Amino acid sequence: MSRATSGGAAARPAPIIWFERLILATVALGILRSWLFPNNAWLSGIGDGGVISNLIAAVLVLVVMLRVSRWRSKVAMWLAILLTLVTLPMVVTSAMPFGLYPATGARVPGWAWLGMGGALLQIAACGLLLTRSARRWINREPTLEDLGGTFS
């Protein structure tokens, strides 16, 4: 089974395809979160600027995802990992006042659960970027399948 496409370029490996799917799921969760909880101060920012900031964030994430998954950009790959590392503490600390600890007995609101779910999807997606096949693909290194009958 050849991985070459009609243009002669190697097909994207499974980790890159799953990275793209997980990032799309993260963006969908963010949109759902903003739609379900529009008046939440943690999500919407101050005033009407929250909708615009959420839109800008979604577009930024989608552009970075496309640069990684379609154009093999190393810079975009590290930017995606950096964005995940920067947003992770914000997601965790936004849910802490409501009691993530079972001992407090406090309930975590739905928007916090959606945020934590999105953060876990982002972590999984960035972990996929660090797999061997994804790194080889981004670095444009040929695989044995791409070399075909060179060594036979």
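Just so it is clear, the values below take in all heavy atoms, side chains as well, and ignore hydrogens, waters and symmetry mates. Index from 1, following the sequence. Fair warning: this is a prediction, and the values are worked out from it, not measured in the lab.
To the nearest 0.5 Å, atoms CG (N139) and NZ (K74) are separated by 4.0 Å. From T131, atom OG1 reaches atom CG of L129 across 7.5 Å, with rounding to the nearest 0.5 Å.
With sequence neighbours excluded, the residues that form a side chain to side chain contact (heavy atoms under 4.5 Å, CB included) with I17 are R12, R21. Every residue meeting the side chain to side chain contact (heavy atoms under 4.5 Å, CB included) condition with I123, not counting sequence neighbours, appears here in chain and number order: T84, L88. Partners of R132 by side chain to side chain contact (heavy atoms under 4.5 Å, CB included), not counting sequence neighbours, listed by chain and number: R135, R136. Shown here are the side chain to side chain contact (heavy atoms under 4.5 Å, CB included) partners of V86, two or more places apart in sequence or in another chain: L82, M90. Applying the side-chain hydrogen bond (donor to acceptor under 3.5 Å, both in side chains) test to R70 and every residue at least two apart in sequence or in another chain returns E20.
Between R33 and L114, the shortest heavy-atom contact is CA-CD1, 3.8 Å. Contact between A134 and I16 at its shortest, heavy atoms only, is CB-CD1, 3.8 Å. Annotation for P15 and S133: closest pair CG-OG, 3.2 Å, computed over non-hydrogen atoms. Summarising the geometry of R67 relative to A76, their closest heavy-atom pair is CB-CB, 3.5 Å, with the distance given to 0.1 Å. Taking all atoms of both residues into account, the shortest heavy-atom contact from S69 to W137 is O-CH2, 3.2 Å. Between C126 and A80, the shortest heavy-atom distance links the atoms SG-O, 3.7 Å.
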Please tabulate, one pair per line, all N/O donor-acceptor pairs under 3.5 Å involving side-chain atoms of residues 55-66, not counting sequence neighbours.
none

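Note on L85: it does not cluster hydrophobically with L120, by side-chain heavy-atom contacts below 4.5 Å among ILVMFWY residues.
Counting only heavy atoms from C-beta outward, the side chains of I23 and L121 never approach each other to under 4.5 Å.
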